[in-house]
Every structure is written in structure tokens, then in C-alpha cells.
Amino acid sequence: MANILVIDDEEMILQLIKNGLEKDGHIVEVYSSAKKVPYKTLNYYDLIILDVMMPDIDGFTFCQTIRNQVDCPVMFLTAKIMENDITYGLAIGADDYLTKPFRIAELRARINAHLRREKREKHSAINFEKIKIDLSAKEIRVDNNVIPFTKSEYLICEYLARNKGQVFSREQIYEAVFSYDGESDNLTISTHIKNIRSKFYKENVQPITTVWGIGYKWE
């Protein structure tokens, strides 16, 4: 059971999601506007679902506003399918992205996968020449500087680093990190990898290599 917040300006969507997630035993609170959400309650939620195109405050702006306050997974729901929107949404701290129209069964499966991921235990650290992955703190440091990875970016790095030298397809990475079949989520993983590389580049390291036609590996 989890406490889930859903914000969408379409009442039918809110009711659909609420009914679907309550079948899994979750406690679901819905709001038709981000302005109506009491900020003092945000830390109570285990997962937040945001529509992007909303009046008053759009989903991107709301995510940016709350990301330093909340540590739970954030998922965008939107009709926007342009790559720039997905790239931007993941870069500002979202963990996943599902486009409308969507199947409630897929949404339920992804949410439960994210919640399972949150419960995984972390132990000790993984050390490389310049890079240290603190598995307890869920931090990655380069020469002792903490890199500001989002939660999903961190978990992708951890998965690849734990399996150093092994090549994984985007589908395999998605399924391993989120515990859900990622056949249709190539763009999500590609965007996360792009953002990860950009942050590593600023520290003059690049541990993730593309194996063309196959996937990625940690060298």
C-alpha cells in the first residue's frame, strides 16, 4: 500500500486513475490543479503523478518547484510526445513518462514497479578510479564531488556499474531498473543516458559507453 498523489485537470482521468490504483490497495488523493495541493503534505506521498498541460501551474513547473522538497518517484502523464518534452521532464527530476491515451493496467504496473524499486536495499559502495558510488546514500561522487543525478539516473548508473563491462539493451535496462517490461520505453532510457553523460562530462569522466546496435555498458 502506498500514498499516491495525482494532479490532472481532467476529472475523468482523475477518477480512472483513482479507481484503478485503489484496486491495488493504494491510498490515492486527486487534485484538478497543482495550486490546490497543500505543500505541507507533499512529503507524505510515496509517488506523484503529474499531468503536464494544466492551467495555472503546469506539471513541469510544479515538478521543479517541489523536487528539492520530495524524494519520491514522479511520473508525468501527458499527450505531448515530442522528444524535447520527454528530455526536459526527465532532466528536471521526473522518473518516468507515460503518454495519453494510456492503459490503466500499464500505469498500475509502472507505479507498482517504481514502488518496489523504492524498497530495494542498498549496501556499501562501488569504487572506481575517480568514481565512487555510495549505495547507502544513493550518491555518486567524482573526485569527492557529488554529482546531482536524479533518482532514476542514479539507479541506471548503479545497475550498469554493478555489471561493469556487460552490455545491456535499453529494454533490459528499463526492465532491470524499474522492474517492468520496457519494450516501448527506448526514448526514456536514451534520454536518461544522455543526461547522465552530460553530468559526467562536466567532471571529465565518461564511464558509460555505447555499443552501437546493442546498448550500453559501464567501462
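One is the number of the first residue; the rest follow in order along the sequence.
- Across all their heavy atoms, Leu90 and Thr188 have their closest contact at CD1-O, 3.7 Å.
- Without hydrogens or angle criteria, His26 side chain to Leu21 main chain gives no donor-acceptor distance under 3.5 Å.
- Side chains of Asp96 and Tyr174: a donor-acceptor N/O pair is present below 3.5 angstrom, by distance only.
- The two residues Ile48 and Leu50 come nearest to each other via the heavy atoms CG2-CG, 4.0 Å.
- Judged by distance alone, the side chain of Lys199 and the main-chain N or O of Ile147 form no donor-acceptor pair under 3.5 Å.
- Put simply, the side chain of Tyr201 reaches to within 4.5 Å of the side chain of Gln206, judged on heavy atoms.
- Looking only at distances, a side-chain donor or acceptor of Thr191 sits under 3.5 Å from a matching main-chain atom of Leu187.
- No side-chain donor-acceptor contact under 3.5 Å links His114 and Asp95.
- Here side chain to side chain donor-acceptor pair (under 3.5 Å) pairs that include residues 37-49, with residues two or more places apart or in two chains, are Glu29-Tyr45.
- Aromatic ring centres of Phe60 and Tyr88: separated by under 6.0 Å.
- Nearest heavy-atom pair, Met1 versus Ile27, reported as atom, atom and distance to 0.1 Å: SD-CD1, 3.9 Å.
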Check your understanding: Could you walk me through whether Ile4 and Ile49 pass the side-chain contact (heavy atoms from CB on, under 4.5 Å) check?
Key -> CA-CA 8 Å; Ile4 298 176; Ile49 301 172; 4.2 Å; yes
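- Considering only residues two or more places apart in sequence or on other chains, Glu129 meets the salt bridge (Lys or Arg N to Asp or Glu O under 4.0 Å) condition with none of them.
- In this structure, Arg141 does not pair ionically with Asp134, as no charged nitrogen and carboxylate oxygen lie closer than 4.0 Å.
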**Study point:** side-chain contact (heavy atoms from CB on, under 4.5 Å) between Glu158 and Leu135, intermediate numbers included
**Key:** CA-CA 8 Å; Glu158 181 188 318; Leu135 302 176; 3.7 Å; yes
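- When all heavy atoms of Ser33 and Ile7 are compared, the closest pair comes out as C-CG2, 3.8 Å.
- Taken from CG in Asp56 to CZ in Phe62, the straight-line distance is 12.0 Å, to the nearest 0.5 Å.
- The aromatic rings of Phe200 and Trp218 lie perpendicular to each other, with more than 60° between the two planes, well past the 30° mark.
- Glu153 places a side-chain N or O within 3.5 Å of a backbone atom of Thr150 that can act as its donor or acceptor partner.
- The shortest side-chain heavy-atom distance between Ile126 and Lys132 does not fall under the 4.5 Å cut-off.
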Exercise for review: Would you sort out whether Lys23 and Arg108 count as a side-chain contact (heavy atoms from CB on, under 4.5 Å), showing the intermediate values?
Suggested key: CA-CA 9 Å; Lys23 289 181 180 179; Arg108 289 167 64 189; 4.0 Å; yes
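- Two residues are said to be in side-chain contact when any heavy atoms from C-beta on lie closer than 4.5 Å; Leu107 and Leu77 meet this criterion.
- Residues Leu47 and Ile111 meet the side-chain proximity criterion, which asks for heavy atoms closer than 4.5 Å.
- Residues Thr210 and Arg197 have side chains that bring a donor and an acceptor to within less than 3.5 angstrom of each other.
- Under a hydrophobic-cluster definition in which Ile, Leu, Val, Met, Phe, Trp and Tyr are linked whenever side-chain heavy atoms come within less than 4.5 Å, directly or via other members, Val167 and Ile196 are assigned to different clusters.
- Looking only at side-chain heavy atoms (C-beta outward), Ile131 and Pro207 come within less than 4.5 Å of each other.
- A distance of 10.0 Å separates CG in Leu155 from CZ in Arg162, rounded to the nearest 0.5 Å.
- Panel note: side chain Gln172, backbone Ser169; a donor-acceptor pair is recorded below 3.5 Å.
- Contact of the Lys164 side chain with the Glu219 side chain is not registered, since no non-hydrogen atoms from C-beta on lie closer than 4.5 Å.
- Residue Thr87 holds its OG1 atom at 11.5 Å from CD1 of Ile92, rounded to the nearest 0.5 Å.
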Practice item. Assess whether side-chain contact (heavy atoms from CB on, under 4.5 Å) is satisfied between Glu106 and Arg110, documenting all intermediate values. Key: CA-CA 6 Å; Glu106 181 179 4; Arg110 288 202 190 195; 3.0 Å; yes
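- Formation of a donor-acceptor pair under 3.5 Å by the Lys130 side chain with backbone atoms of Val142 is not found in this model.
- Ile13 contributes atom CD1, which lies 13.5 Å from atom OG of Ser32 (distance to the nearest 0.5 angstrom).
- Taking a cutoff of 4.0 Å between a charged side-chain nitrogen and a carboxylate oxygen, Glu10 and Lys100 qualify as a salt bridge.
- Between Asn19 and Ile104, the closest side-chain pair of non-hydrogen atoms is not below 4.5 Å.
- Not one N or O on the side chain of Arg170 forms a donor-acceptor pair closer than 3.5 Å with the backbone of Ile189.
- Between His192 and Phe178, the ring planes lie tilted relative to each other; the angle falls in the 30° to 60° range.
- For the pair Glu203 and Asn145, the minimum side-chain heavy-atom distance is below 4.5 Å.
- Using a 3.5 Å distance cut-off with no hydrogens or angles, the side chains of Asn195 and Ser198 do not pair a donor with an acceptor.
- A continuous path of hydrophobic side-chain contacts links Phe128 to Phe168 [ILVMFWY only; heavy atoms under 4.5 Å].
- Closest non-hydrogen pair, Met54 versus Gly59, comes out as CE-N, 3.9 Å.
- Here the shortest heavy-atom pairing between Ala94 and Cys63 reads N-SG, 4.2 Å.
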